[in-house]
Amino acid sequence: MTEFFPGVKKIAYEGPESKNPLAFKHYDASAKVAGRTMAEHLRFAVCYWHTFRGMGADMFGPGTMTRSYAGAADPDKAAEEMMRAAFEFFTKLGVPFWCFHDVDIILEADSLAETNRRFAKAVALAKQLQADTGVRLLWGTTNAFSHPRFMAGASTNPSPDVFAYAGAQVKRAMEATHALDGAGYVFWGGREGYDTLLNTDMKRETDHLARFLHMAVAHKKKIGFKGQLYIEPKPHEPTKHQYDFDSATVHAFLLKNGLADDFKINVEANHATLARHEFVHELEYCVANGILGSVDANRGDYLLGWDTDQFPTDVKECALAMYAILRGGGFTSGGLNFDAKLRRQSIDPVDLFHAHIGAMDAFARGLKVAAKMIEDDVLGDFVRQRYAGWDTDFGRRIESGEATLDDMHAHALEHGEPALQSGRQEMLENLLNEYLYAVR
Ligand code: XUL
Ligand code: CO
């Protein structure tokens with residue numbers, strides 16, 4: 001059988017002292033941290049679209065990367081070689097999961113019927129390779145944004161014919177996800193938004209989005225798919241105003257439309273920063289509201305205003321993310337999917353390994369730091385003390401809804417000017433640094 005990454009052996013854990021760039025220094029899949037193995041906590045997934053279909057093209061020029069598994073003239077052969085390369089990569093890297101969009105795993109044909117045939121073949125091969133390798137599907141999704149037919153959106157398109165086409169794709173992709181025993185299914189509103197209100201009926205478009213999601217929930221029940229449904233927020237790009245702006249916007253939309261029991265959020269780090277939130281803000285919002293599902297792990301560039309989808313390497317950001325995720329109870333169906341791509345000059349296949357190894361190590365270190373912070377509970381204790389006033393009788397009466405504005409008035413009259421307390425931000429930032437540098 002052809003080997004697509006012949007220069008690379010299975011990536012091993014060699015520990016923090018190792019100088020081998022093709023080894024893990026921190027990610028030790030079977031090592032236990034806070035009661036679970038690292039593999040169970042982190043649930044890493046490789047994404048198919050960037051890692052196998054992305055070749056370095058940008059707005060100013062074509063792809064720069066060459067891959068032995070890309071470019072066969074016959075569409076079935078091209079799809080097969082790429083998928084065999086993908087499973088070789090997953091196995092050598094040692095990730096438990098992968099993620100894909102329907103059209104990532106095939107070359108799309110001119111007719112839906114022929115695309116469906118190619119897709120069914122690719123899904124059958126994926127099923128076989130999953131069984132052979134033990135790699136599982138974290139989530140599947142639909143690409144209803146690249147093809148020109150979706151230029152004005154999918155479910156929010158002014159045309160019901162395009163809405164129907166997107167529905168046909170979701171049906172096909174959800175059924176494939178079910179066949180592959182996927183743990184979840186993602187909706188990212190690729191072009192569900194608008195560029196100008198001069199041509200847009202916002203009310204109608206967002207109502208159609210809700211209708212579409214209800215259809216998806218009904219289909220999920222009909223076929224008996226048990227995976228978790230997720231929505232992945234993003235504030236803009238490709239459209240100027242995306243409807244799924246951030247977690248709070250999506251949450252309100254789900255509540256308004258009776259969909260809150262059926263969906264959780266897939267938080268993407270770079271989408272958070274595009275919305276001018278820190279990644280951890282989005283995670284904390286989801287934890288606080290019981291809607292954290294899964295994570296697209298990547299990072300943006302603070303000097304660039306678009307979705308750069310870089311691999312996450314900032315240990316501090318990973319530690320804060322894991323601190324929020326662990327305090328939220330950890331992942332159940334979700335995981336950390338590397339929705340990230342190589343820089344255009346990183347042209348060699350081995351760069352794919354360097355990128356994923358670094359990202360997995362950054363999250364493994366983040367996990368260790370977060371677990372230690374939770375175990376010592378210094379921050380938790382500080383926050384509890386800061387809110388201790390709410391644990392008095394007076395605080396409890398407010399929280400339980402018994403107290404009135406008249407009671408507030410009487411309290412303020414009696415107690416006068418409230419005592420102030422320092423937020424101690426600098427001290428806490430220093431403390432965080434102590435953890436980041438102390439934990440190996
Ligand atoms: C685009 C993006 C998508 C989704 C899946 O910004 O993040 O790849 O994760 O459609
Ligand atoms: Co994403």
Side-chain angles (χ1 to χ4, degrees), residues 43-55 57-59 97-105 108 137-147 150 153-156 166 169-170 172-174 176-177 182-193 209 212-213 216 227-247 249-250 263-275 277 279 282-283 286 292-301 304-312 321 333-342 355-356 359:
R43 295 170 62 85
F44 288 127
V46 167
C47 87
Y48 211 94
W49 51 101
H50 288 311
T51 299
F52 298 100
R53 296 300 295 269
M55 297 292 168
D58 71 9
M59 311 243 274
F97 294 103
W98 66 302
C99 295
F100 75 107
H101 298 87
D102 48 1
V103 297
D104 296 341
I105 59 170
E108 219 178 336
L137 181 61
L138 188 66
W139 49 260
T141 187
T142 309
N143 179 333
F145 44 87
S146 295
H147 194 281
F150 298 118
S155 67
T156 65
Q169 276 189 235
V170 168
R172 185 180 68 196
M174 194 186 284
T177 302
Y185 189 88
V186 163
F187 291 81
W188 169 58
R191 291 181 196 270
E192 311 295 34
L209 175 56
F212 191 84
L213 295 177
Q228 175 65 49
L229 302 180
Y230 309 105
I231 296 193
E232 179 177 323
K234 187 174 184 180
H236 45 257
E237 196 198 14
T239 69
K240 181 173 174 182
H241 297 274
Q242 294 275 131
Y243 292 130
D244 295 335
F245 188 93
D246 63 0
S247 301
T249 310
V250 170
F263 287 84
K264 288 198 155 95
I265 305 275
N266 182 39
V267 173
E268 176 160 328
N270 201 166
H271 296 179
T273 52
L274 287 180
H277 295 308
F279 174 30
E282 287 290 85
L283 295 172
C286 291
L292 180 63
S294 200
V295 167
D296 271 9
N298 60 12
R299 74 184 152 97
D301 181 309
L304 300 176
W306 64 88
D307 199 11
T308 60
D309 282 338
Q310 288 168 247
F311 279 86
S333 57
L336 294 168
N337 167 47
F338 294 118
D339 188 355
K341 61 185 178 205
L342 294 179
H356 284 86

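In what follows, every heavy atom counts, from backbone to side chain, and hydrogens, waters and symmetry copies are set aside. One-based numbering, in listed order, for ligands and for the atoms of each. This is a predicted model, so every value here is computed, not measured.
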**Student:** Between the Co ion (ligand 2) and E268, which N, O or S atom of the residue is the nearest one?
**Tutor:** OE1
**Student:** Less than 3.5 Å between some nitrogen or oxygen of E268 and one of ligand 1, yes or no?
**Tutor:** yes
**Student:** Suppose we screen for salt bridge (charged side-chain N to carboxylate O under 4.0 Å, His left out). Which residues come up paired with R172, at least two apart in sequence or across chains?
**Tutor:** D102
**Student:** For the pair R43 (side chain) and G334 (backbone), establish whether a donor and an acceptor sit closer than 3.5 Å, ignoring hydrogens and angles.
**Tutor:** yes
**Student:** Which atoms of ligand 1 have any heavy atom of K234 under 4.0 Å away?
**Tutor:** 6 (O)
**Student:** Side chains of Y230 and T141: is there a donor and an acceptor less than 3.5 Å apart?
**Tutor:** no
**Student:** The Co ion (ligand 2) is nearest to which N, O or S atom of E232?
**Tutor:** OE2
**Student:** Any donor-acceptor pair under 3.5 Å linking the side-chain atoms of T142 with those of Y185?
**Tutor:** yes
**Student:** Just to be sure I'm reading this right: ignoring hydrogens, which of H271, Q242, E232, H50 gets closest to atom 6 (O) of ligand 1? Compare them by their nearest heavy atoms.
**Tutor:** H271
**Student:** Which is it for N143 and ligand 1 at heavy atoms under 4.0 Å: side chain, backbone, both or neither?
**Tutor:** neither
**Student:** Run the contact test for D339 against ligand 1 with a 4.0 Å cut-off on heavy atoms, strictly below, and give the result.
**Tutor:** yes
**Student:** Give the residue, atom name and distance (to 0.1 Å) of the protein heavy atom nearest atom 5 (C) of ligand 1.
**Tutor:** H101 NE2, 3.3 Å
**Student:** Do D309 and ligand 1 have an N or O pair less than 3.5 Å apart?
**Tutor:** no
**Student:** Can you confirm whether the side chains of D339 and N298 place a donor and an acceptor under 3.5 Å from each other?
**Tutor:** no
**Student:** Within the 4.0 Å heavy-atom shell around D296, which atoms of ligand 1 are there?
**Tutor:** 9 (O)
**Student:** Heavy-atom distances under 4.0 Å decide this one: backbone, side chain, both or neither, for D307 against ligand 1?
**Tutor:** side chain
**Student:** Of all the N, O or S atoms in D339, which one sits nearest to the Co ion (ligand 2)?
**Tutor:** OD2
**Student:** Going by side chain to side chain donor-acceptor pair (under 3.5 Å), name the residues that satisfy it together with K341, two or more places apart in sequence or in a different chain.
**Tutor:** none
**Student:** From D296, does some N, O or S atom reach closer than 2.8 Å to the Co ion (ligand 2)?
**Tutor:** yes
**Student:** Is there a donor in the side chain of H277 and an acceptor in the side chain of D246, or the other way round, less than 3.5 Å apart?
**Tutor:** yes
**Student:** Contact between E237 and ligand 1, counting heavy atoms under 4.0 Å?
**Tutor:** no
**Student:** Mind listing the closest non-hydrogen atom pair of A340 and A297 along with its distance?
**Tutor:** CB-O, 4.3 Å
**Student:** Begin from the C-alpha positions of T177 and W139 and carry the test side chain to side chain contact (heavy atoms under 4.5 Å, CB included) through to its verdict.
**Tutor:** CA-CA 7 Å; T177 302; W139 49 260; 5.8 Å; no
